[in-house]
Chemist: 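Structure incoming, see below.
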Amino acid sequence: MRGGKGAGSLGAAPAGADRPGAARLGAAELGAELGERATLVQFSSAFCQPCRATRRVLADVAAMVPGVAHVEIDAEAALGLVRALGVDKTPTVLVLDAAGHEVRRAAGQPRKADVISALGEAI
């Protein structure tokens with residue numbers, strides 16, 4: 001898992017992620033409870049500098065928006081989940097709706113405004 005450079009744009013979820021029967025992430029997969037309204041999932045690695053900045057951005061947004069949780073996952077410790085979700089660099093951010101379905105994804109450090117905008121689709 002290598003660290004990413006540059007800004008990550010929160011684009012649409014991968015094809016098939018939003019169709020009925022698509023994978024749903026929950027507390028068992030994430031190791032933490034989903035947010036009441038949405039969840040920001042961050043895949044990080046130990047020496048990833050952009051991961052630290054991404055952590056601050058996501059924590060700020062989660063604190064600003066009621067019912068939104070921020071969950072950080074060590075990509076190296078969760079290789080099965082990383083592979084299943086097609087995460088190939090850190091940081092990678094997934095925006096999940098209240099049911100745990102992925103609605104947006106960014107590889108690289110996202111801008112705060114983009115995270116807030118992506119939450120609008122999840123909430």
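Hydrogens, waters and symmetry mates play no part in the numbers below; they use all other heavy atoms, side chains included. Residues take their numbers from the sequence shown, with the count starting at 1.
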Chemist: Do Thr92 and Thr90 have side chains that approach each other closer than 4.5 Å (heavy atoms only, starting at C-beta)?
Modeler: no
Chemist: Given Leu81 and Val87, is the side-chain contact (heavy atoms from CB on, under 4.5 Å) satisfied, shown in steps?
Modeler: CA-CA 9 Å; Leu81 184 59; Val87 172; over 6 Å; no
Chemist: Could you tell me which non-hydrogen atom of Ile123 sits nearest to which non-hydrogen atom of Ala38, and how far apart they are?
Modeler: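 Residues Ile123 and Ala38, closest heavy atoms: CG1-CB, 4.1 Å.
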Chemist: Measuring from atom CZ of Arg56 to atom CD of Gln109, what distance do you get when rounded to the nearest 0.5 angstrom?
Modeler: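 Separation between the atoms: 8.0 Å.
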Chemist: Can you find a heavy atom in the side chain of Phe43 that is under 4.5 Å from one in the side chain of Val93?
Modeler: no
Chemist: Do you see a donor-acceptor pair shorter than 3.5 Å between the side chains of Thr54 and Gln42?
Modeler: no
Chemist: Please check this pair: side chain of Glu121 against backbone of Ala118, looking for a donor-acceptor N/O pair closer than 3.5 Å.
Modeler: no
Chemist: Quick one: closest heavy-atom pair of Ser44 and Glu72, and the distance?
Modeler: OG-OE2, 2.7 Å
Chemist: If you take all heavy atoms of Lys89 and Gly108, which pair is closest and at what distance?
Modeler: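 Closest approach of Lys89 to Gly108, heavy atoms only: CE-N, 4.2 Å.
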Chemist: Is any side-chain heavy atom of Val57 closer than 4.5 Å to a side-chain heavy atom of Val115?
Modeler: yes
Chemist: Checking side-chain contact (heavy atoms from CB on, under 4.5 Å) for the pair Leu34/Leu96: CA distance, chi angles, key distance, verdict?
Modeler: CA-CA 9 Å; Leu34 292 173; Leu96 307 180; 4.0 Å; yes
Chemist: Is there side-chain contact between Lys112 and Met64, with at least one heavy-atom pair below 4.5 Å?
Modeler: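 In short, these two side chains touch, coming nearer than 4.5 Å.
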Chemist: Sub-3.5 Å donor-acceptor pair from the side chain of Arg104 to the main-chain atoms of Leu119, do we have one?
Modeler: no
Chemist: Apply side-chain contact (heavy atoms from CB on, under 4.5 Å) to Arg37 and Val65, showing your working.
Modeler: CA-CA 9 Å; Arg37 299 174 68 199; Val65 184; 4.2 Å; yes
Chemist: Is a side-chain N or O of Arg24 found less than 3.5 angstrom from the main chain of Ala99, in a donor-acceptor match?
Modeler: yes
Chemist: Mind listing the closest non-hydrogen atom pair of Arg105 and Gly86 along with its distance?
Modeler: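 Answer, listing the atom of Arg105 first, then Gly86: NH1-O, 3.5 Å.
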Chemist: Could you tell me the separation between the CG atom of Asp74 and the SG atom of Cys51, rounded to the nearest 0.5 Å?
Modeler: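 Separation between the atoms: 9.5 Å.
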Chemist: On a heavy-atom basis, which atom in His70 and which in Ala59 lie closest, and how many Å separate them?
Modeler: ND1-N, 3.9 Å
Chemist: Testing the basics here: between Val95 and Ala122, what is the closest heavy-atom pair and its distance to 0.1 Å?
Modeler: CG1-CB, 3.8 Å
Chemist: Give a yes or no answer on whether the side chain of Thr39 reaches the backbone of Gly35 with a donor-acceptor pair at less than 3.5 Å.
Modeler: yes
Chemist: Let me see the working for Asp114 and Ile116 under side-chain contact (heavy atoms from CB on, under 4.5 Å), right down to the final yes or no.
Modeler: CA-CA 5 Å; Asp114 292 336; Ile116 293 167; over 6 Å; no
